[in-house]
Amino acid sequence: MISIKSSREIALMKKAGHILANVFEVLEPLCKPGITTNHLSQVAEKVIREAGGIPEEKGYYGYPAAICASVNEEVVHGIPSNRKLRNGDIISIDIVVSYQGYMADACRTFKVGNVSSNAEKLVRVTEECFFKAMEFAKPGNRIGDLSSAIQKHAEANDFNVTRDFTGHGLGKEMHEDPMVPNFGTPGTGPILKEGMTLAVEPIILEGRKDVFILPDEWTAVTCDRKLAAHYENSIVITKDGYEIITKKSEGE
Ligand code: MF3
Ligand code: CO
């Protein structure tokens with residue numbers, strides 16, 4: 001069932017989103033060669049808790065850390081570790097924050113030092129895919145319109161989209177209906193309505209779409225070891241469009 005959020009619920013999700021946007025501001029300049037992904041997770045947890053939020057990934061089905069930190073060929077759910085970032089890496093940091101019980105979910109892929117031109121392109125196209133989807137984010141359109149916009153832009157740039165991980169509704173729960181796949185057909189799927197809240201998250205692959213899960217039971221890695229990038233925001237469908245929830249508050 002797809003829930004429609006009240007203005008009170010949306011306000012709480014926005015507060016969670018402000019906290020989350022601020023975490024990215026703090027983490028981005030830290031993504032330098034020599035920094036461990038554990039350090040990034042610890043900093044994120046501190047910033048979230050000091051702002052009155054909860055890092056919801058920690059403990060989610062036993063997930064051990066406050067953030068997902070997926071480096072290079074890692075697609076999603078990379079577990080923070082003592083691994084040090086190196087010049088030329090790309091790192092996708094995916095975070096879920098709740099505030100008074102309401103969730104915001106976002107991911108950014110940051111470049112560490114100087115990255116290859118294809119890595120640069122992958123990161124750029126992944127973000128563009130999100131905004132291509134947003135061209136269809138308004139009442140009356142369908143989830144398939146967003147999905148297909150993501151797939152088309154990725155494939156037009158000679159990349160692939162994952163079939164294994166999707167965007168989703170969110171609110172009181174981290175994952176709610178509907179699913180928001182990164183591939184699909186225009187004019188299909190649930191109809192968008194004012195007050196729906198969605199995490200839209202293009203996960204774009206430099207090479208083949210196949211992934212496998214490491215023995216840690218979380219980290220998804222590309223089978224061909226080529227790069228993956230991930231860009232995600234939580235949005236609310238408004239009367240005539242959409243608003244991004246996971247952004248800094250006005251005036252900040
Ligand atoms: N943040 C992820 C998403 O975009 C889910 C993370 S799963 C967790 O849906 F176990 F790490 F929490
Ligand atoms: Co998500």
Side-chain angles (χ1 to χ4, degrees), residues 2-3 5 13-14 16-17 19-21 23-24 27 37-38 40-42 44-45 47-49 53-71 74-81 83 91-99 101-110 126-127 129-130 133-134 137 143 146-147 150 161-184 196-205 211 213-221 228-237 242 244-247:
I2 303 177
S3 74
K5 270 69 178 184
M13 292 176 73
K14 283 183 178 169
I19 296 171
L20 180 34
V23 176
F24 284 133
L27 293 188
T37 50
N38 261 338
L40 297 173
S41 188
Q42 281 155 13
E45 178 158 6
V47 173
I48 293 166
R49 291 197 191 277
I54 295 172
E56 286 286 343
E57 288 174 341
K58 198 170 190 177
Y60 184 79
Y61 290 96
Y63 185 76
I67 67 172
C68 296
S70 307
V71 180
E74 295 173 355
V75 182
V76 289
H77 307 159
I79 300 177
S81 71
R83 174 178 186 161
I91 176 171
S92 300
I93 301 179
D94 187 353
I95 307 178
V96 182
V97 171
S98 71
Y99 184 78
Y102 284 88
M103 310 277 168
D105 183 359
C107 181
R108 296 288 180 270
T109 301
F110 296 130
T126 303
E127 179 171 346
C129 283
F130 172 85
M134 289 306 102
I143 293 289
L146 275 55
S147 301
I150 292 169
V161 297
T162 182
R163 307 311 198 255
D164 295 281
F165 304 97
T166 71
H168 48 91
L170 81 171
K172 272 189 197 240
E173 306 293 332
M174 185 189 300
H175 297 120
E176 299 182 355
D177 290 339
M179 277 200 341
V180 186
N182 290 310
F183 63 99
M196 279 185 187
T197 47
L198 305 171
V200 180
E201 49 183 312
I203 297 167
I204 309 300
L205 309 171
V211 307
I213 308 293
L214 291 184
D216 67 20
E217 293 180 2
W218 282 102
T219 315
V221 175
H230 186 179
Y231 184 92
E232 173 179 25
N233 281 310
S234 302
I235 64 162
V236 55
I237 301 296
Y242 72 97
I244 292 178
I245 288 171
T246 41
K247 63 172 190 200

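Order of appearance sets the numbers: ligands from 1, and atoms from 1 within every ligand. FYI, side chains are in, hydrogens and waters are out, and symmetry mates aren't considered; it's all heavy atoms of this structure.
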Option nearest atom 1 (N) of ligand 1 (shortest heavy-atom distance, choices M174, E56, E57): E57
Heavy-atom donor-acceptor pair, N182 side chain to G167 backbone, under 3.5 Å: no
Nearest-0.5 Å distance that lies between atom CG in L170 and atom CE in M174: 9.5 Å
V96: numbered ligand 1 atoms lying under 4.0 Å from its heavy atoms: 1 (N)
Polar proximity ligand 1 side, W218 side, N/O cut 3.5 Å exclusive: no
Per-atom contacts of ligand 1 with E232, taking only distances under 4.0 Å to non-hydrogen atoms: 4 (O)
M134 atom CE, neighbour heavy-atom count above 12 within 6.0 Å: yes
With T219 via side-chain hydrogen bond (donor to acceptor under 3.5 Å, both in side chains) - residues at least two apart: D216
Side-chain donor/acceptor of S234 to backbone N/O of T246, under 3.5 Å: no
Distance in Å, I67 CD1 paired with H77 NE2, rounded so as to fall on 0.5 Å steps: 13.0 Å
Heavy-atom donor-acceptor pair, T109 side chain to H230 backbone, under 3.5 Å: yes
Polar contact flag for D105 and ligand 1 (N/O pairs, less than 3.5 Å): yes
I213 side, atom CD1; D164 side, atom CG - distance, nearest 0.5 Å: 7.5 Å
Partner of I245 by side chain to side chain contact (heavy atoms under 4.5 Å, CB included), out of T197, I235, L198: T197
Closest protein heavy atom (residue, atom, distance) for atom 11 (F) of ligand 1: C68 SG, 3.2 Å
Nearest-neighbour protein heavy atom for atom 7 (S) of ligand 1, which is reported as residue plus atom name and distance: H77 NE2, 3.7 Å
Qualifying residue for side-chain hydrogen bond (donor to acceptor under 3.5 Å, both in side chains) with S98, from K172, E173, E56: E56
Where ligand 1 meets Y60 - atom numbers and elements under 4.0 angstrom, heavy-atom basis: 8 (C), 10 (F), 12 (F)
Backbone or side-chain N or O of H175 under 3.5 Å from ligand 1 N or O: yes
Contact check: E201 vs ligand 1, nitrogen or oxygen atoms, below 3.5 angstrom: yes
Under-4.0 Å heavy-atom contact with ligand 1, by part of V76 that carries it: neither
Closest protein heavy atom to atom 2 (C) of ligand 1, given as residue, atom name and distance to 0.1 Å: D94 OD2, 3.2 Å
Around the Co ion (ligand 2), number of protein N/O/S atoms which are nearer than 2.8 Å: 4
Main-chain N/O of C68 paired to E57 side chain as donor or acceptor, under 3.5 Å: yes
R49 side chain to A44 backbone, donor-acceptor under 3.5 Å: no
H168 near ligand 1 by a heavy-atom separation under 4.0 Å: yes
